[in-house]
Amino acid sequence: MCKTIAEKIISKHSGKEVSAGETAITKIDFAFGQDGTSGLIIDTFNKIGAKRVSHPKNCALVIDHSAPSPIAAISQIHEKMRSFAKEQGISIYDIGCGVCHQVLPEGGHFGAGDLVIGADSHTCTYGALNLCACGMGSSDIACAFISGKTWFKVPESMKIILKGKLHQGVYAKDIILFIIKDLTAEGANYLSVEFSGETINHLSIDGRFTICNLSVEMGAKFGIMPFDGKTEKWLKGRVKKKLHPVLADKDAKYIDIREYDVSKLEPQIAKPHTVDNVSPISEVENIPIQEAFLGTCTNGRLEDLEIAGKILSGKKIHPEVKFIVAPASREVLLHALKKGIIEVFLRAGAVVVNPGCGPCVGTHQGIPTDGWNVISTANRNFKGRMGNPKANIYLASPATVAASAISGKITDPRRYLKS
Amino acid sequence: MIIKGKVKRIYKPDGSDNDINTDYIISGRYKFKIEDPKELGKHIFEDLNPNFVEKISPGDILVAGKNFGCGSSREQAPLAIKSAGIMAIIAQSFARIFYRNAFNLALPLIECETKNIQEDDFLEIDLEKGIVKNLTKRGNHLNKEIKIKPLPKMMLELLKTGGLVEYFKKYKGFNF
């Protein structure tokens with residue numbers, strides 16, 4: 001036996017036993033594109049001369065990156081996606097539905113044991129549900145639409161064991177930023193990363209999504225969480241088909257095993273302009289900020305909004321700060337409305353925009369001006385990422401972003417949680 | 001398969017040539033706006049060096065350090081590089097999604113040591129033999145050979161057929 005989760009899932013989907021290093025053609029359970037990549041998917045589909053998507057129920061297109069459209073050229077791409085989806089009978093999540101990495105799991109399109117590919121690098125997010133998911137380019141997704149299949153080089157695996165309980169004010173985001181600092185931006189390149197350990201039992205599915213989402217920022221192909229009662233509960237009522245939870249064999253081979261004790265961890269910040277340029281908050285506190293952003297496929301979920309809402313409740317954001325909130329999906333927004341969190345944000349002076357990617361990818365809804373420092377819950381702080389190469393982006397947890405929005409400078413959220 | 005061309009190196013503002021990400025290759029603000037690959041090609045590396053495109057001549061070879069192409073899954077990144085006239089990229093390592101995307105577009109990526117390759121060096125790459133030869137007369141660099149990491153079979157096949165579109169047309173699916 002001695003198989004990792006990746007080896008098991010790829011073997012099962014290719015109909016033969018394969019191990020790390022081997023190549024396999026696999027069937028896939030789900031494939032999708034978003035509005036930054038679907039134009040090319042459709043062009044490639046047409047160039048190949050394909051007429052029909054082979055398994056329309058296993059495909060979707062999501063309009064989330066620039067939604068609603070800020071310019072005519074993007075409106076054309078959106079309309080091209082709508083026409084293609086209609087013609088092929090595949091699901092389309094139109095403007096306002098939310099970020100692909102929230103609406104697709106919410107939509108119950110896949111569950112434990114599945115193999116999912118998407119034309120978006122953060123597709124690895126879904127590993128939180130105990131499955132293999134990874135991002136690919138538009139051509140690969142077009143071929144998956146046509147054939148229902150793709151090919152894989154079976155990755156080697158790395159195991160990350162998380163021990164200890166997080167202190168108040170420290171979250172899943174802080175754990176994964178710390179790991180990325182330790183492993184670097186290419187430390188898990190081409191690897192399937194299996195997370196395990198007692199800390200995960202205490203993490204919600206939202207927190208697990210955050211960790212798997214950022215796995216690609218250290219180069220990982222997959223980031224996979226174990227299956228437990230929380231996973232089962234989350235998937236129940238969403239996924240109609242039978243679940244196939246996967247455990248690695250006890251003697252599975254790992255090229256590296258790392259252990260992290262999170263009990264002494266303090267909030268972490270990724271400084272400009274790389275995600276592995278991470279410092280504990282004590283080293284960067286008091287840097288002035290002009291924009292704060294809460295949202296994205298990393299940290300725009302209900303738990304993230306709740307944490308930020310708790311800190312902002314009854315408070316006002318700093319007069320010099322522009323604070324933007326983009327809930328990850330309509331479902332998240334509706335829950336947050338019901339719980340009164342959106343009112344907290346609005347009364348604090350935040351701008352709540354529609355569900356979607358918000359200003360993360362730099363096309364609309366809050367492009368910073370020259371020289372601004374932005375504190376954001378997103379996953380990338382590359383120069384120019386938010387649409388202006390003359391701005392600086394700091395990445396942090398929702399709590400740190402909320403605390404910093406109040407004080408107008410990078411602030412340890414524990415200062416607000418104590419009182 | 002033999003590729004010959006002049007070297008263009010790319011660096012970040014801090015002087016490092018590692019982790020050149022897809023946002024640097026082609027900014028998100030262009031990939032959403034521009035569907036024409038030729039137009040996209042006019043904006044590569046703009047946030048790192050606004051004049052970079054002016055330095056490129058068709059057939060040039062791009063050279064960088066570790067983890068080239070990390071970041072987003074945008075296929076527009078290798079597409080824009082190819083459309084700008086770059087014939088191949090040499091780096092110490094590549095990020096996973098970018099690697100696959102480039103071969104899908106029949107843009108060869110070569111993994112090898114790059115620290116002795118300089119701007120405007122003239123190189124000859126032999127993909128089958130797995131060797132990069134420096135044809136520049138500079139010190140003892142003339143005809144110096146650098147061994148390259150062998151290309152996976154599927155990637156060679158994609159290069160030979162002209163990319164994934166042509167491959168898929170030829171085989172009507174994946175074939176190995």
Side-chain angles (χ1 to χ4, degrees), chain A residues 23 25 35-37 39-40 43-44 47-50 65-66 70-71 73-74 76-77 118-123 134-143 146-147 149-151 153 155 184-186 189-190 216-217 219-221 273-274 276 360-363 367 380 382-387 389, chain B residues 12-14 16 18-24 27-35 37 46-48 50 65-68 70-79 92-105 152-155 158 163-169 172-176:
Chain A
T23 315
I25 298 169
D35 49 336
T37 53
L40 258 182
D43 291 348
T44 307
K47 263 190 211 161
I48 290 172
H65 276 57
S66 300
I71 53 166
I74 296 176
Q76 307 288 354
I77 295 174
D120 187 281
S121 58
H122 293 104
T123 303
C134 72
M136 286 190 184
S138 299
S139 293
D140 275 311
I141 300 303
C143 290
I146 296 166
S147 66
K149 289 177 181 165
T150 192
W151 69 277
K153 184 177 166 206
T184 78
E186 64 153 5
N189 215 350
Y190 295 88
V216 72
E217 304 309 327
K221 186 170 193 161
H273 300 285
T274 59
D276 59 359
C360 174
V361 78
T363 54
I367 297 171
R380 290 202 176 118
F382 302 156
K383 194 170 143 84
R385 171 74 181 183
M386 292 181 77
Chain B
K12 294 192 292 189
D14 64 0
S16 160
N18 296 330
D19 305 321
I20 304 283
N21 65 58
T22 49
D23 278 78
Y24 293 155
S27 163
R29 62 184 182 276
Y30 293 121
K31 79 151 179 176
F32 283 96
K33 213 160 50 184
I34 305 170
E35 283 204 274
E46 204 173 274
D47 288 350
L48 290 182
K66 282 194 253 177
N67 204 26
F68 185 90
C70 61
S72 113
S73 68
R74 63 188 68 160
E75 199 168 298
Q76 289 94 335
L79 182 64
Q92 286 168 32
S93 64
F94 292 92
R96 189 191 71 77
I97 307 177
F98 182 86
Y99 189 81
R100 191 162 163 144
N101 282 346
F103 284 94
N104 282 345
L105 297 172
K153 213 174 125 203
M154 180 64 178
M155 298 317 186
L158 283 169
L164 190 59
V165 167
E166 296 308 317
Y167 177 98
F168 227 71
K169 275 191 194 164
K172 315 275 176 233
F174 295 108
N175 175 48
F176 54 85

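Naming: A, B, ... by sequence-line order, numbering from 1 per chain.
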With a 4.5 angstrom heavy-atom cut-off, which part of B:Q76 approaches chain A: side chain, backbone, both or neither?
both
Should the ring pair A:F382 and B:Y24 be called parallel, tilted or perpendicular, given that the plane angle runs from 0 to 90° and is split at 30 and 60?
tilted
Shorter than 4.5 Å, heavy atoms on both sides: which option in A:D276, A:I74, A:I25, A:V361 has the most such pairs with chain B?
A:I25
Largest heavy-atom contact set with chain B, pairs under 4.5 Å, which of A:A185, A:S147, A:G362, A:A73
A:A185
What part of B:N101 lies closer than 4.5 angstrom to a heavy atom of chain A: side chain, backbone, both or neither?
side chain
Can you tell me which of B:E75, B:K169, B:K33 forms the most heavy-atom pairs within a distance under 4.5 Å of chain A?
B:E75
Tell me if a side-chain donor or acceptor on A:E186 pairs with a main-chain N or O of B:K66 at a distance below 3.5 Å.
no
Chain A contacts, top residue of B:M154, B:E166, B:R74 (heavy-atom pairs, under 4.5 Å):
B:M154
What part of B:F174 is in contact with chain A, defined as an atom under 4.5 angstrom from a non-hydrogen atom: side chain, backbone, both or neither?
both
Among B:N21, B:D19, B:L164, which residue forms the greatest number of heavy-atom pairs with chain A at distances under 4.5 Å?
B:N21
Drop me the distance from B:L105's CG to A:L40's CG, to the nearest 0.5 angstrom.
8.0 Å
Go through B:L158 and B:R100 one step at a time and tell me if the side chain to side chain contact (heavy atoms under 4.5 Å, CB included) criterion holds.
CA-CA 10 Å; B:L158 283 169; B:R100 191 162 163 144; over 6 Å; no
Heavy atoms only, distances under 4.5 angstrom: which of B:K153, B:E35, B:E46 has the most pairs with chain A? Name it, please.
B:E35
Looking at A:R385 and B:D23, is there a salt bridge between them, counting it only when a charged N and a carboxylate O are closer than 4.0 Å?
yes
Where does A:I146 contact chain B at under 4.5 Å (heavy atoms): side chain, backbone, both or neither?
side chain
Where does B:K172 contact chain A at under 4.5 Å (heavy atoms): side chain, backbone, both or neither?
neither
Ion pair B:D14/A:K383, N-O distance below 4.0 Å:
no
Pairwise side-chain contact, B:N175 with B:Y167, heavy-atom cut-off 4.5 Å (strictly under)
yes
Picking from A:T44, A:T150, A:V216, which has the most non-hydrogen pairs under 4.5 angstrom with chain B?
A:T150
For A:T363, is it the side chain, the backbone, both or neither that has a heavy atom under 4.5 Å from a heavy atom of chain B?
side chain
Can you say whether B:I34 sits under 4.5 Å from chain A via the side chain, the backbone, both, or neither, judging by heavy atoms?
neither
Whether the side chain of A:D35 engages the backbone of A:S66 through a donor-acceptor N/O pair (distance < 3.5 Å, no angle test) should be reported.
yes
State, with a plain yes or no, whether a side-chain heavy atom of B:I97 is found less than 4.5 Å away from one of B:T22.
no
Greatest number of non-hydrogen atom pairs under 4.5 angstrom with chain B, of A:H273, A:H122, A:M136, falls to A:M136
Is it the backbone or the side chain of B:S93 that comes under 4.5 Å from a heavy atom of chain A, or both, or neither?
side chain
Are B:M155 and B:Y99 side-chain neighbours, meaning at least one heavy-atom pair lies under 4.5 Å?
yes
When only pairs under 4.5 Å are counted, which of A:D140, A:T184, A:T123 shares the most heavy-atom pairs with chain B?
A:D140
Turns out that what part of A:T274 lies under 4.5 Å from chain B's heavy atoms comes down to side chain
Region of A:I71 in contact with chain B, defined by heavy-atom distances below 4.5 Å:
side chain
Bottom line for B:P13: the part with an atom under 4.5 Å from chain A's heavy atoms is side chain
Ranked by heavy-atom pairs below 4.5 Å to chain B, first place among A:D120, A:D43, A:T37 goes to A:D120
Looking only at the side chains, is there a donor atom on one of A:S121 and A:R380 sitting less than 3.5 Å from an acceptor on the other?
yes
So do the side chains of B:F32 and A:I77 get within less than 4.5 Å of each other, counting heavy atoms only?
no
With no hydrogens and no angle check, just 3.5 Å: does a side-chain donor-acceptor pair link B:N67 and B:N18?
no
